[in-house]
Every structure is written in structure tokens, then in C-alpha cells.
There are 2 protein chains.
Amino acid sequence: MLTERQLLILQVIIDDFIETAHPVGSRAISKKNNVPYSAATIRNEMADLEDLGYLEKTHSSSGRIPSEKGYRYYVDHLIAPISLKNDVKIIKNIIQDGFFELEQVVQMSAEVLSELTNYTSIILGPELLETKLKQIQIITLSDHTAVAILVTNTGHVEHRSFSVPAEINPSDLEKMVNILNDRLFGVPIIRLPEMFKTEIASLMKQYMNDFEKSYDYLQAVFFSENPVKLYVGGKSNILMQPEFNDVEKIRSFYSMMEKEDEIASLLKSSDNGIKVTIGHENEIDAIKDFSLITASYQLGEGQLGTIALLGPTRMEYRKVISLLKGLSNEMTDALYLWYKSYE
Amino acid sequence: MLTERQLLILQVIIDDFIETAHPVGSRAISKKNNVPYSAATIRNEMADLEDLGYLEKTHSSSGRIPSEKGYRYYVDHLIAPISLKNDVKIIKNIIQDGFFELEQVVQMSAEVLSELTNYTSIILGPELLETKLKQIQIITLSDHTAVAILVTNTGHVEHRSFSVPAEINPSDLEKMVNILNDRLFGVPIIRLPEMFKTEIASLMKQYMNDFEKSYDYLQAVFFSENPVKLYVGGKSNILMQPEFNDVEKIRSFYSMMEKEDEIASLLKSSDNGIKVTIGHENEIDAIKDFSLITASYQLGEGQLGTIALLGPTRMEYRKVISLLKGLSNEMTDALYLWYKSYE
DNA sequence: CATTAGCACTCGCGCGTTAAGAGTGCTAAC
DNA sequence: GTTAGCACTCTTAACGCGCGAGTGCTAATG
């Protein structure tokens, strides 16, 4: 177990390193006015902390920097919550300023988050598990083209143009839409593909000529899986960080960010609450020098989305954790009201 | 006027520099097997070309690199068209593979373009001058929320959620929509805002109670200016270029790319055909070390969009120009068919 | 006995020097 | 007009050196 003094020193070192990005030496620590020990004492403690794995040296006679284990301990035990009145106010203003589109608020949140932190923010849109189908429409544009529009009870609109094969005649199309609206109204959109296969298909066979050909079309138009969307803010903020003075690192960062599905899968696994993964704790090689902090937010009554911040392991954990908590609360609150307003 | 030999040497130097990014020396040139002169002769010619402003030295005893004037001459007089059968085939495959959404083909084109060149591609969506309103719909979601949907004859869909003030009753809303559809069907969407102000407003005053309040809503929902959209591909490709070994340059590049409106205005001015602006010929300071090549494409019968490539002044002009010509043709062809299919 | 002052020692960093290499410009010969 | 030769210039990488920051250890101190 660490002594009080060791905790103090560990904390001071990490705080200082987070701020300056330079290895911190014993003399600098002893000068801080909340540290009443001499440099020599601190050197001894630092040696111990290094043996225990909380600190590292960059070379044999350098100051110390936190190890990943050090950061881990810091995050788990040494962080006092911080008040971010101003930042939370900013968030509140932006989020609650009467919005009507889900995408909009999520994108804004991502941007504000990266703005306030100078790290890269990633938000995973909520899975729209419980939004329900409000209406399906097909609008014919010419003899052989049409656009299909699908509206959910939350005002989410999806649309897709398609060409109408000559074999399908307009009245059939209309019939189909009627059937679909009749049967699928109020069904959670997540269940649409399944419903379509089981209930609708057989029904439509009865009413329509040439059913087979239409089937594939409809399926493709309305019921393809829609991948979860990723909102990213401040991709170039990471360039501000001094650890990114190396072009090779920048390159690998950007190529990593292009793999949206990998990133999405990283975020998805996160359960409720705040989760911090530091350096090698991350499963994906490409972010083994990064820290990832995730928090979840709720849409209505149960559908989760994830907010995350990606930055160097030398991250302002204290600020970032508080901020993420704040944002996730604000988002949950705002989205609750929003969601309810559609009931 | 330049002599034959000077032209040859200028060309060889630029070709070589474009390929290697290293200053090229007299000995290297004399070794090429289409150059039958000794290094000394070439040195003399190079000195003359430098006096004329076509070449530069990086330091007093270095090889030569092209000046901007050199590139300009190269682009205007020394580029032989190149055959890009393979690349054009790739483009064809991607573009013509039956698409139905405009955005889709434009985005794909941007991506393919940057993929094939390793530069950053920027495509300005066509101004939808002539697409016409097909249908307006308002779908109410709850007592006080609704989503408005606007469909054009080309299958383009815009939507916007809004809250319905208590003062407006549903039947009024319906009436409005009827009026709008009646009066605005077939009107080019570019003219909608104007039409709304002049014709519709007065008409609606007669039919509706409480017109004033609704007016602003409708205006905001349907008739706000929609900015021209920018499609960007391969933002991180630029990192591959050796001139980007400097973090400061990368930073300034990315901050430049964030100013979408400036970039859009740069592209807009381009008239028909291919246009190459090299280094300081660009009006915006931020891209004074870049070259920008733009080509235009047509949607249907007259609406122009712009395709552009942004790269270092040391660009593969020959390839890029041919490619851009090819792509602009393919896009125009494909979009012509697409556009016609909606008539 | 924990703490601290003192000191030798270790590295990294910046700097000037040096040598190699690439390339030029000029002159003189072909 | 063309080219070979050569002195000269400048970049780059390598090397050595001294400085400063920082450490680890020892011995003195309260």
C-alpha cells in the first residue's frame, strides 16, 4: 500500500506532467508549496514509486513520467471531482437551445466536446431501438423511378430512390404501401426487417401479381440494416498535442480514424457509466498510445448511445471525466424531453 | 523563346522532380537516355533557364527545382495527354453501377478520385437550379410536433422537424400544405423562396386564421437557403506527400480544410473546362504552396458542379489533368442519363 | 531513524567542427 | 558549340564537447 506521502508525490507528478508534457524532477516537486519535503526525500520516494511500477524514466538520469499503471491509479484513486460550471453552462446552452433533430444535437455535442477539451470526440448515435414506424410513403417521380420515404414517430426520416421495374404497376405499388402502413404502423423500427419477412411477405403474395420481383426491391429499400452512425468532432485537435510532433504518428492516427467500424465496436461494448481505458488497456493496437474515455447517454427509456474522447495517455483526466459526466447527463435530460414530446 | 533543347531539359527536370521530390542535378539529366548532352552543357542551359525564371535552386550549389513559372509553362505547353484506360475503367465501374441518389455518386467520385491520385479531392455538388418541386408533405407526429418533407422530381428529399405552436390547428396546417402543393408543383426549387414571398404569402392570408405566426415557421422549414454541399475525399492522403514532413504544415492544411465556405467559393468561380492554378496563383493565402486543379461537370442541361484536386505544387499534372477530364466526362454522362430518367 | 545536504555520475541537448558527397560555375581544350 | 576538368559552395551526417537537469548514494543532522 502506498503511504500518504507517496500518494501526494504521485499526484503532483502526474498533474505536472499532464500539464507540461515534460518529465518532472525532484527539485521541481519540492518547490511546490503543498510539498514540504526536500528534493532528496522525494528522490527516494520516486525511486520506490518507480520500483512499484507507477513511474518511469525516459532515460537513466531523467525526471519521472507516469507509467500506464500510474495513470490507472491516478484515475481510480487520486482524482477529485472538479467543478466545471462554465463548461457545463456552455453545454447546456448549446444542447437545450430547442432542437428537433436528433442528429443535430449529437453532432453539436461532439463538436462542443472537442472544442472544450482539445481532444477528439466520438459519439455513437443511439440505437433507435424503440422508435416506431409512423408512416411509409412511396412517391413516384417518373414512369420508372420512385422515392420511398420512411418516417418514425421521432421525426427521423429515411429515404431511398429506386427504379421501378416495368413489371410492377403503380396500383400494385400503392397496394403494397397500404398494406405496409396498415400492418407496420407503430412497430419499432428495429423489428421491421423481421416483421417484413414473417408477416408481410405472405400477405402480399395474395394481393399482388408478380410478387417475387417486388419483394427484393422493398426489402432493399425499407429494411436494410442501418449501421450505427458515428459523429466525430475535432479530428485535427489532436495535432495540438505535443506528443504529435511526429508525422508518422499523425499518419497512423488518421488512418485509424478512417476505420469507423472498428471504432464503433470499441465504443459499443461500454456499459453504463464512465469508463477509462489507458494505453495498452485498449484492445486495438492502433490506439495503444492513446487513452479512451467513454460515457453513455440515454435516449428516452433505455436506448443507449456512447460519448467518447480520444486523446494521448497524458490526458487531462480530471477535467475530461467531469465534463463527460456533465455532457452525458445533459444529453440524457435533453433527449428525454425530446423523446417524450413525441409521445 | 526557348530552344528545343531547353524545352527538353525543362521537361526532364520537371518530370523527374515530380517523381522524386529531390532537386535534380546536371549529371542525373545527362544520364537519361533521351538526353544526348553532357552534364556541362546541361549546366549551362540550366543556368539560362534559371535566369529566365523557369527553374530555381534550393541553395547555391544544389540541383534545380521547377519554379511556379516553370510549372505553369509545363502545364501549358509540355504536357502530352496520357492514356488512363485502367483508371477510367475503374471510374466507369464505380459511377455507372446503377445509382439513384445524387449525393451517392458525387461522394463516390470524390473518394475514387483521391484514391487514384493520393491527393485530396473536393467536389462541389451541382446547384440544383432546375430540379423541380414534386411534393410537399407535413406529417404530424404528436400534438405539437411535425416533420415537413420536401421531394424534388429527381428524388432529392429534404426534411425538417419542427414544433407546432398551439395556435396553429391541424386543419390549417393541412390547408397550407394543399395550397403549397397546388401552387408550387413543378417550380424549380431555386425559385421557391421567392415564390413563397410573392405569391403564396398573400394567398394564405385569406385562408388561414392567425397567419402571421405560421408564416415564419413555414419560411424556416421549407425555404431557407440550402448551401452548396462540399464532398471531400482523401483528406489524409496529403500526408503521404513528402512535402508534408512538417507538423506545422499539416496543421495549417487541416485548419484550411475546415473553412468550407472559402473553399467552396474558390471552386465556384471556375468556368467550363480544366483550370490549373499553381501556388501563388491561388487567391487564398492558405493554399499558396498548393496547386488546385478544377474541372466542371454538368447535371442534365446546364447546372454545373466542380470537381477539384488539391495537392502540392509538385503534382502529377499530366496524370491528374487527364484523370479529371475523364471523371468529369463520366460524371456528366452518368448524370445526364440519371437526370433524363426523371423526366 | 527519518530527513536532508552534498557530491559524483549519467544522459540528453545544443553547438561547433569536420569530412563526404552532390552539384555548380567557370575556364580551357577539343 | 560542346565538353572535360577543377575549384568552389553548400548540405548533411557524424563526432566530440560542455552544460544543465536530474539521479543515486553516502554521510551528516535534528
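Note that the coordinates shown come from a computational prediction; the quantities given were computed from them, not determined experimentally. Just so you know, these numbers use all the heavy atoms, side chains as well, and skip hydrogens, waters and symmetry mates.
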| So where does chain A start and stop touching DNA chain C, 5' to 3', when the test is distance under 4.0 Å to a non-hydrogen atom? |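 Using the under 4.0 Å cut-off, the span is C:dT3 to C:dG12.
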Return yes when atom [atom1] of [X] has more than 12 non-hydrogen atoms of other residues, nucleotides or ligands closer than 6.0 Å, and no otherwise.
X	atom1	result
A:Glu68	CD	yes
B:Glu243	CD	yes
A:Arg251	CZ	yes
A:Glu50	CD	yes
A:Lys69	NZ	yes

| request: Looking at every strand, decide which applies to A:Thr41 at a 4.0 Å heavy-atom threshold: base, sugar-phosphate, or nothing. | output: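 Base contact.
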Check nucleotides 27-29 of chain D for protein N or O atoms closer than 3.5 Å to its own N or O atoms and list the pairs.
none

| Are A:Tyr231 and A:Ser121 linked by a side-chain donor-acceptor pair shorter than 3.5 Å? |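 Short answer, no.
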| Side-chain donor-acceptor pair under 3.5 Å between A:Thr120 and A:Asn237, yes or no? |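 No, no side-chain donor-acceptor pair sits under 3.5 Å.
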| Can you name the residues that form a side-chain contact (heavy atoms from CB on, under 4.5 Å) with B:Ser255, not counting sequence neighbours? |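 For B:Ser255 there are no side-chain contact (heavy atoms from CB on, under 4.5 Å) partners, ignoring immediate neighbours.
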| If you find the nucleotide of DNA chain D closest to B:Thr58 and the one closest to B:Asn44, which residue's nucleotide is nearer the 5' end? |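 So the residue in question is B:Asn44.
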| said: One thing to verify: whether A:Glu45 and A:Arg5 come together as a salt bridge, which I'm taking to mean a side-chain N less than 4.0 angstrom from a carboxylate O. | reply: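 Looking at A:Arg5 and A:Glu45, the cut-off is met.
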| Is any side-chain N of the basic residue among A:Lys32 and A:Asp16 closer than 4.0 Å to the acidic one's carboxylate O? |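 A:Asp16 and A:Lys32: salt-bridged.
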| message | OP1 or OP2 of D:dT2 versus the side-chain N and O atoms of B:Ser38: is any pair under 4.0 Å? | response |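 Answer no for this pair, as no side-chain N or O of B:Ser38 is under 4.0 Å from OP1 or OP2.
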Output the rounded distance in Å from [atom1] ([X]) to [atom2] ([N]).
X	N	atom1	atom2	result
A:Ile42	D:dA21	CD1	C1'	15 Å
B:Glu4	D:dG1	CD	C1'	17 Å
A:Arg43	D:dA21	CZ	C1'	11 Å
B:Arg5	D:dT3	CZ	C1'	11 Å

| message | Testing the basics here: between B:Ala39 and B:Ser30, what is the closest heavy-atom pair and its distance to 0.1 Å? | response |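 Closest heavy-atom pair between B:Ala39 and B:Ser30: N-CB, 3.6 Å.
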Return all side-chain donor-acceptor pairs below 3.5 angstrom for residues 76-91 of chain B, not counting sequence neighbours, or 'none' if the list is empty.
from: B:Asp76; atom 1: OD1; to: B:Arg72; atom 2: NH1; distance (Å): 3.1

| query | Is the backbone of A:Met256 close enough, under 3.5 Å, to the side chain of A:Glu262 for a donor and an acceptor to pair up by distance? | reply |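 Checked: no pair found.
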| said: Counting primed atoms plus P, OP1 and OP2 as sugar-phosphate and everything else as base, spell out the protein contacts along nucleotides 12-20 of chain D at 4.0 Å heavy-atom distance: B, S or - for each nucleotide, 5' to 3'. | reply: ---------
| Close residues, residues 8-34 of chain A, relative to DNA chain D [heavy-atom separation under 4.0 Å] |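 Contacts with DNA chain D under 4.0 Å: A:Gly25, A:Ser26.
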